[in-house]
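Position 1 is the first residue of the sequence; numbering continues from there. Numbering of ligands and ligand atoms starts at 1, following listing order.
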Amino acid sequence: MTHSMHDTHGDHEHTEQCGHTAVVHEGHIDYLHEGHLHHPHEGHYDEHVIDVNAQNPASCQPMECSCGGHDASQHEQVPHGDHYDYLYQGHLHHPHGDHCDDHGSLQTR
Ligand SMILES: [Zn+2]
Ligand SMILES: [Zn+2]
Ligand SMILES: [Zn+2]
Ligand SMILES: [Zn+2]
Ligand SMILES: [Zn+2]
Ligand SMILES: [Zn+2]
């Protein structure tokens, strides 16, 4: 887990009620904010990335996707390994050719 600090965060404070999507990540809560996962940490925010593992693989796993194409104005982007996915219906969707790859589920609340 890298511990990199997001130093241009501004005044916004993430809380359970702030309106950003709260994601359950390895037992803690992160917030989806402009395509980043922000984790409140001692007065600043860490940047988190969903690890590539058995639960969230980065391989080609075609799935049925009815969205007709993802774009960042409609679906939240989530950093996963060295790429970005879209969060749609509780899953990480990775557009790949004419289909979406299923990069596993993400628990939100
Ligand atoms: Zn927020
Ligand atoms: Zn996290
Ligand atoms: Zn933030
Ligand atoms: Zn694929
Ligand atoms: Zn999709
Ligand atoms: Zn992915």
Side-chain angles (χ1 to χ4, degrees):
M1 181 68 62
T2 53
H3 179 267
S4 62
M5 191 172 141
H6 195 85
D7 54 13
T8 55
H9 196 271
D11 292 334
H12 181 80
E13 221 182 292
H14 293 296
T15 66
E16 295 274 351
Q17 290 85 32
C18 74
H20 291 103
T21 302
V23 171
V24 181
H25 178 219
E26 295 175 4
H28 59 261
I29 296 288
D30 295 332
Y31 295 91
L32 272 180
H33 186 195
E34 294 170 357
H36 298 270
L37 275 177
H38 284 172
H39 180 67
H41 183 232
E42 294 177 3
H44 61 265
Y45 289 93
D46 293 340
E47 299 260 20
H48 282 185
V49 173
I50 303 294
D51 287 323
V52 174
N53 54 32
Q55 195 198 329
N56 292 112
S59 52
C60 180
Q61 324 233 13
M63 67 168 152
E64 290 289 327
C65 179
S66 57
C67 72
H70 295 284
D71 85 55
S73 63
Q74 293 163 20
H75 301 124
E76 304 228 51
Q77 277 189 293
V78 182
H80 179 214
D82 60 359
H83 61 271
Y84 288 87
D85 296 327
Y86 293 98
L87 181 59
Y88 184 61
Q89 295 180 337
H91 279 252
L92 294 176
H93 284 225
H94 187 68
H96 184 214
D98 62 356
H99 60 267
C100 278
D101 292 338
D102 185 355
H103 284 185
S105 60
L106 201 61
Q107 193 186 342
T108 58
R109 58 151 114 148

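- Put simply, the angle at the Zn ion (ligand 5) from SG in C100 to SG in C65 is close to 110°, to the nearest 10°.
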query = Taking it one step at a time, do S59 and Q61 satisfy side chain to side chain donor-acceptor pair (under 3.5 Å)?
reply = CA-CA 6 Å; S59 52; Q61 324 233 13; 3.0 Å; yes

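- Here H83 and H103 bring their ring centres to under 6.0 angstrom of each other.
- Looking only at N/O/S atoms, D85 comes nearest to the Zn ion (ligand 6) through OD2.
- Using the six-membered ring where Trp is involved, H44 and H41 have ring planes that are perpendicular, over 60° apart on the 30 and 60° scheme.
- Inclusion of D30 in the first shell of the Zn ion (ligand 2) is supported: an N, O or S atom falls under 2.8 Å.
- Take the N/O/S atoms of H48: the one nearest the Zn ion (ligand 2) is ND1.
- Expressed to the nearest 10°, the angle at the Zn ion (ligand 5) joining ND1 in H93 with NE2 in H70 is 100°.
- The Zn ion (ligand 2) has an N, O or S atom of H25 inside 2.8 Å of it.
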Trace of the ring pair (Phe, Tyr, Trp, His ring centres under 6.0 Å) decision for H9 with H36 = CA-CA 11 Å; H9 196 271; H36 298 270; 9.8 Å; no

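- Among the atoms of C67, none of the N, O or S atoms falls under 2.8 Å from the Zn ion (ligand 5).
- Shortest distance from the Zn ion (ligand 6) to H103 is reached at ND1 (N/O/S atoms only).
- In this structure, the ring of H93 has its center no less than 6.0 angstrom from the ring center of H75.
- The minimum distance between the Zn ion (ligand 6) and any N, O or S atom of H80 involves atom ND1.
- Looking at C100 and H70, their side chains come closer than 4.5 Å, going by heavy atoms from C-beta outward.
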inquiry  = Let's go through H12 and H20 carefully: what are the C-alpha distance in whole Å and the side-chain angles of both, what is the deciding distance for ring pair (Phe, Tyr, Trp, His ring centres under 6.0 Å) to 0.1 Å, and is it a yes or a no?
reply    = CA-CA 11 Å; H12 181 80; H20 291 103; 4.7 Å; yes

